[in-house]
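Worksheet: the structure to be examined is printed underneath.
Predicted, not measured: the structure shown is a model, and the values here were computed from it. Reckoned from all heavy atoms, side chains included, excluding hydrogens, waters and symmetry mates.
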Amino acid sequence: MSTQLDTPHRASSTSVSATAEPTAADKVMAAVKKDINRNIVLIPQDVFLECILINHITPVKRVVRAIMDESYDKNEKQWKEFPKTGKEDQFYPKFVELANNINDKASKLSGAAVDRAFGRWIDCHSQIPNANADFVAEIRPDCAFVSNERVVKEAIDSFTSRKIQETLFESNSEKQDAKIWWRQMIAVVEVKRQDGDQLYLGAFPQLCNYVRQIFRQQLDRRFVLGITISFNNISMWLCDRSGGMGMSKPYDIHEDPEAFVSMISAITLLPSYRIGWDPTLKLYNDARHIFQPSYQVRALLKTGLNTTSKTEQDISNTQWLLTLIDDRSSNKVQKHNIILARRPLLIRTAEGMNGRAVQIHQGYFEKDENKERRSPLVIKTSWQPVSKTQNNQPHEAYFYDLIPDFRGRILAASVVKASHGPEANSGPSEEVSTFGFIRQSLEKHADFDTGARMNNNVKKFSKQKARAGKTEHSADKKQIKEMKETMAFMAFDYSAFSDDHKYFAEDLSCVTDRVQTRIVLTIWGWPIKFFKDLRELLTVIQGAIEGSAFIRIKL
């Protein structure tokens with residue numbers, strides 16, 4: 001089968017649409033609770049900061065000194081004019097102001113990676129980000145670090161100052177604030193207040209809501225960094241396709257200001273692949289007629305839009321260039337540049353935080369000269385368990401080689417390596433796995449004892465909450481205090497907890513190490529949908545099987 005595919009220079013001619021289904025906030029939360037069942041790994045705070053962030057940047061002592069001289073009250077031992085209590089919306093502008101001050105100082109005083117994602121911190125708690133599909137969940141982080149800062153500077157000012165909204169866009173009769181897109185999100189923040197003996201739950205699941213949305217909208221993200229804050233207590237998290245990993249204990253931003261400055265500086269200075277981007281994928285820039293990392297493409301970002309979903313105005317409404325290195329044979333390493341069609345065939349599971357996160361795209365070779373009738377390809381990207389990769393190839397490629405009728409249908413396959421992108425310093429043979437490459441082998445430092453204790457505390461606390469009308473007694477308050485000290489304000493929603501559902505991994509067997517893989521098929525079939533009855537469906541399936549075609553069924 002062959003079909004004419006769209007080129008980067010003209011509109012799409014394929015009628016295949018993405019199968020990412022509409023989502024609602026409650027459905028996203030339900031999916032999150034499945035994702036974080038027994039696979040949240042806790043790491044000591046100092047080890048997490050050093051291995052994930054600080055070890056990969058130049059020293060930031062000058063940044064720390066400059067920021068503390070300017071913004072830290074050494075006598076009071078707290079950040080100047082920084083709220084310790086009160087309403088959440090009183091915290092956002094001060095956090096954003098301080099974080100951007102650190103961002104600016106780090107960019108000026110320390111060595112930044114050439115391929116970093118330039119960004120700014122914004123307060124977006126009252127703005128639902130734009131998305132590249134209709135009917136997305138209407139959720140938004142409290143604050144975020146976003147790319148394309150030059151394009152959204154006016155929006156950033158309007159978000160943070162709240163004082164110039166009336167004059168921002170005088171040329172726009174509706175005077176709308178500029179919109180931020182999900183595709184701009186680099187890191188996200190969830191803020192919860194904490195008063196006395198009360199315990200505010202749900203911060204981390206809410207953070208995961210935003211992470212899933214980022215995975216859904218940014219097809220070139222391998223992992224996402226997130227922050228949960230309770231005014232003075234702050235924790236950092238890393239979310240990938242093996243679940244989540246976070247600090248076993250929060251730190252106080254007033255008592256440990258150097259850790260806070262170092263954390264924000266690292267997010268500013270790290271190369272893009274160290275904050276989650278996949279450098280083997282680039283997005284087509286219509287304005288410059290070149291392929292670039294998606295965080296650099298800003299030509300199609302719009303401002304002043306009174307909508308949360310306008311596909312035709314989103315930067316994702318263009319094409320991707322995938323670089324695939326097929327190194328299954330050491331004697332014949334092949335490099336393939338593949339143009340992906342505008343509309344993916346399947347991205348329904350791409351947003352998952354605990355699974356294969358399959359993406360399936362239609363595409364063609366970049367140098368295919370037959371522009372009128374290019375030979376179509378199907379490209380599958382997924383995060384397979386490391387245990388299922390054999391002989392340096394994904395298990396599908398290994399399986400097809402064992403079946404005579406299927407041989408030759410795999411045109412190329414790859415267990416993605418660090419050397420396949422600009423992160424060659426990580427080692428040419430290092431696989432892009434969740435445990436090794438992304439988490440820097442921190443599972444050996446995992447605090448499973450704290451995880452087990454916190455699971456037990458949440459279980460007890462959920463039973464206490466279930467006692468309608470019963471007031472908290474001293475034992476409850478003692479338990480709450482322990483939970484606060486261990487996990488900031490305890491970041492989890494007790495309503496989801498049960499004997500079959502626990503948040504934290506109590507041993508490493510609960511978590512699956514996954515590796516990024518890709519295969520390219522030369523023979524494929526169209527989706528089967530809109531069949532009039534079961535007989536017609538079964539007839540088509542029978543014919544497809546007899547013809548050894550690859551099919552996908554949409555029920």
Side-chain angles (χ1 to χ4, degrees), residues 49 52-74 78-83 90-125 127 141-164 168 177-178 180-181 184-189 191 225-227 229 234 236 251 253-254 256-277 293 295-296 298 301 303:
L49 285 176
I52 299 300
L53 301 176
I54 298 174
N55 287 351
H56 303 286
I57 61 173
T58 57
V60 292
K61 292 181 179 179
R62 293 177 62 196
V63 180
V64 173
R65 286 197 299 268
I67 290 295
M68 292 189 65
D69 289 345
E70 180 180 319
S71 305
Y72 189 75
D73 188 332
K74 295 181 180 179
Q78 70 173 52
W79 294 101
K80 297 175 183 178
E81 301 180 359
F82 209 82
Q90 296 174 337
F91 176 87
Y92 306 140
K94 292 299 181 181
F95 170 82
V96 167
E97 180 182 356
L98 178 57
N100 277 328
N101 192 11
I102 298 172
N103 183 56
D104 293 339
K105 290 288 193 301
S107 298
K108 182 179 180 181
L109 300 176
S110 189
V114 175
D115 60 336
R116 67 171 171 142
F118 291 86
R120 299 289 290 176
W121 292 92
I122 63 169
D123 167 9
C124 50
H125 81 280
Q127 297 282 340
D142 291 327
C143 303
F145 189 56
V146 300
S147 63
N148 304 293
E149 61 157 313
R150 295 177 184 176
V151 175
V152 299
K153 186 177 186 304
E154 288 184 337
I156 292 168
D157 292 340
S158 68
F159 282 129
T160 55
S161 70
R162 308 288 181 190
K163 296 178 181 179
I164 58 174
L168 242 179
D177 277 346
I180 301 298
W181 292 85
Q184 293 175 256
M185 298 290 176
I186 300 174
V188 286
V189 179
V191 179
L225 295 175
I227 298 172
I229 303 176
I234 184 168
M236 174 163 266
Y251 67 89
I253 62 175
H254 299 289
D256 197 353
E258 293 185 9
F260 179 67
V261 176
S262 297
M263 182 183 76
I264 299 299
S265 297
I267 295 174
T268 297
L269 301 174
L270 282 170
S272 58
Y273 69 88
R274 280 293 170 204
I275 53 175
W277 263 276
Y295 52 82
Q296 294 179 1
R298 53 192 183 90
L301 288 173
T303 59

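Annotation for Lys80: atom NZ counts as buried by contact number, over 12 foreign heavy atoms lying within 6.0 Å. No more than 12 heavy atoms of other residues, nucleotides or ligands lie within 6.0 Å of CD in Glu81, so this atom counts as exposed by the packing criterion.
Partner of Tyr295 under the ring-ring contact (aromatic ring centres under 6.0 Å, His included) criterion, chosen from Phe118, Trp181, Trp277: Trp277.
Nearest heavy-atom pair, Val146 versus Met185, reported as atom, atom and distance to 0.1 Å: CG1-SD, 3.9 Å. When all heavy atoms of Ile186 and Ile275 are compared, the closest pair comes out as CG2-CD1, 3.5 Å. Listed here is the closest heavy atom pair of Val96 and Cys143: CG2-SG, 4.0 Å.
With hydrogens and angles ignored, the 3.5 Å screen pairs no side-chain donor or acceptor of His125 with any backbone N or O of Pro141. Checked by atom type and distance alone, the side chain of Ser262 pairs as donor or acceptor with a backbone atom of Glu258 at under 3.5 Å. Judged by distance alone, the side chain of Ser272 and the main-chain N or O of Asp115 form a donor-acceptor pair under 3.5 Å. With hydrogens and angles disregarded, a donor-acceptor distance shorter than 3.5 Å links the side chain of Gln184 to the backbone of Ser147. The backbone N or O of Gly119 lies less than 3.5 Å from a partner atom in the side chain of Asn103, making a donor-acceptor pair. Judged by distance alone, with hydrogens and angles left aside, the side-chain atoms of Asp123 form no donor-acceptor pair with the main-chain N or O of Pro93 at under 3.5 Å. A donor-acceptor contact shorter than 3.5 Å is absent between the side chain of Tyr92 and the backbone of Cys124.
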Determine whether Asp104 and Arg120 satisfy the following criterion, salt bridge (Lys or Arg N to Asp or Glu O under 4.0 Å), listing intermediate values before the conclusion. CA-CA 9 Å; Asp104 293 339; Arg120 299 289 290 176; 2.4 Å; yes
Please determine whether side-chain contact (heavy atoms from CB on, under 4.5 Å) holds for the pair Leu98 and Trp79, giving the CA-CA distance in whole Å, both sets of side-chain angles, and the decisive distance to 0.1 Å. CA-CA 9 Å; Leu98 178 57; Trp79 294 101; 3.7 Å; yes
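Atom CD in Gln78 sits 10.0 Å away from atom CD1 in Ile253 (nearest 0.5 Å).
Using cut-offs of 30° and 60° on the angle between ring planes, the pair Trp121 and Phe95 is perpendicular.
Salt-bridge formation is not detected for the pair Asp69/Lys105: no Lys NZ or Arg NE/NH1/NH2 atom is positioned less than 4.0 Å from an Asp or Glu carboxylate oxygen.
A donor atom on one side chain and an acceptor atom on the other are found under 3.5 Å apart for Arg116 and Ser107.
If you look at Phe82 and Phe91, their ring centroids are closer than 6.0 Å.
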